[in-house]
Amino acid sequence: QVRLVESGGGLVQAGGSLRLSCAASGLTFSVATMAWFRQAPGKEREFVAAISWTDTTRLAESLKGRFTISRDNAKNTVDLQVNSLKPEDTAVYYCASRFALIATRQEDYGHWGQGTQVTVSS
């Protein structure tokens with residue numbers, strides 16, 4: 001059974017940083033594409049970043065320069081470093097996995113974590 005558990009969220013002031021982490025179990029992590037999505041209040045879930053098993057990465061255009069995705073196959077974790085946070089980054093951040101190339105649509109991912117809340121105060 002695939003399990004994805006996010007951590008690292010919290011309340012931070014604008015301009016601050018957080019490192020979100022997703023711990024995966026029950027899957028062959030080294031061949032999985034891992035992704036982060038986020039959902040702000042009243043908005044649809046949106047793609048943030050993804051990293052394939054070959055370490056190819058893709059970031060949402062609007063987040064380039066502030067967000068970085070990385071993975072550690074030895075620990076079965078995927079991290080999202082978020083810098084220069086803005087109030088509009090406030091959302092629940094979700095980890096997701098799939099066994100195929102990077103995709104940006106949430107319906108392309110079969111397994112999801114419960115999410116971690118990030119709140120950015122102005």
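A single hydrophobic cluster is seen to contain both Leu63 and Leu18, as judged by linkage of ILVMFWY side chains at heavy-atom distances under 4.5 Å, directly or through other members. When hydrophobic clusters are built by joining Ile, Leu, Val, Met, Phe, Trp and Tyr residues whose side-chain heavy atoms come closer than 4.5 Å, directly or via intermediates, Val31 is grouped together with Leu27. Cluster membership for Phe29 and Phe99, using ILVMFWY side-chain heavy atoms within less than 4.5 angstrom, is shared. Cluster membership for Val2 and Val78, using ILVMFWY side-chain heavy atoms within less than 4.5 angstrom, is shared. In the hydrophobic cluster analysis, where Ile, Leu, Val, Met, Phe, Trp and Tyr join through side-chain heavy atoms closer than 4.5 angstrom, Leu20 is grouped apart from Phe37.
Summarising the local packing, CZ of Arg19 is surrounded by more than 12 heavy atoms from other residues, nucleotides or ligands at distances under 6.0 Å. The neighbour count for Arg71 CZ, taken as heavy atoms of other residues, nucleotides or ligands under 6.0 Å away, is above 12. Under a cut-off of 6.0 angstrom, the local environment of CD in Gln1 is sparse, with at most 12 non-hydrogen atoms contributed by other residues, nucleotides or ligands.
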Item to check | Step-by-step side chain to side chain contact (heavy atoms under 4.5 Å, CB included) determination, Arg66 to Asp89 | outcome: CA-CA 11 Å; Arg66 296 195 299 122; Asp89 294 319; 2.7 Å; yes
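Closest approach of Thr33 and Ser52 over heavy atoms only: OG1-CA, 3.6 Å. The minimum heavy-atom distance linking Trp36 with Leu80 is given by the pair NE1-CB, 3.6 Å. Contact between Asn83 and Ser17 at its shortest, heavy atoms only, is OD1-OG, 3.0 Å. The nearest pair of heavy atoms linking Ala14 to Pro87 is CB-CD, 4.2 Å. What you find for Ala103 and Phe47 is that their closest heavy atoms are O-CE1, 3.7 Å. When all heavy atoms are compared, the tightest approach of Phe67 to Leu59 is O-CD1, 3.2 Å.
Interatomic distance, OG of Ser122 versus NZ of Lys86, reported as 14.0 Å (0.5 Å rounding). For the atom pair CD1 (Ile102) and CH2 (Trp53), the distance works out to 8.5 Å, reported to the nearest 0.5 Å. Taking CZ of Arg45 as the reference point, atom CZ of Arg105 lies at 15.0 Å (rounded to 0.5 Å).
Looking only at distances, a side-chain donor or acceptor of Thr90 sits under 3.5 Å from a matching main-chain atom of Val120. No donor-acceptor pair under 3.5 Å is formed between the side chain of Glu6 and the backbone N or O of Cys22.
Residues Ser30 and Thr28 are in side-chain contact: their nearest non-hydrogen atoms beyond the backbone lie under 4.5 Å apart.
The closest side-chain donor-acceptor pair between Gln81 and Asp79, if any, does not fall under 3.5 angstrom. Side chains of Arg98 and Tyr109: a donor-acceptor N/O pair is absent below 3.5 angstrom, by distance only.
Exactly one residue among Glu44, Glu46, Glu88 makes a salt bridge (charged side-chain N to carboxylate O under 4.0 Å, His left out) with Arg38. That residue is Glu46. Each of His111, Met34, Gln114 was checked for a side-chain contact (heavy atoms from CB on, under 4.5 Å) with Cys95, and the lone residue meeting it is Met34.
Trp112 and Tyr94 have perpendicular rings, their planes meeting at more than 60° on a 0 to 90° scale where under 30° would count as parallel.
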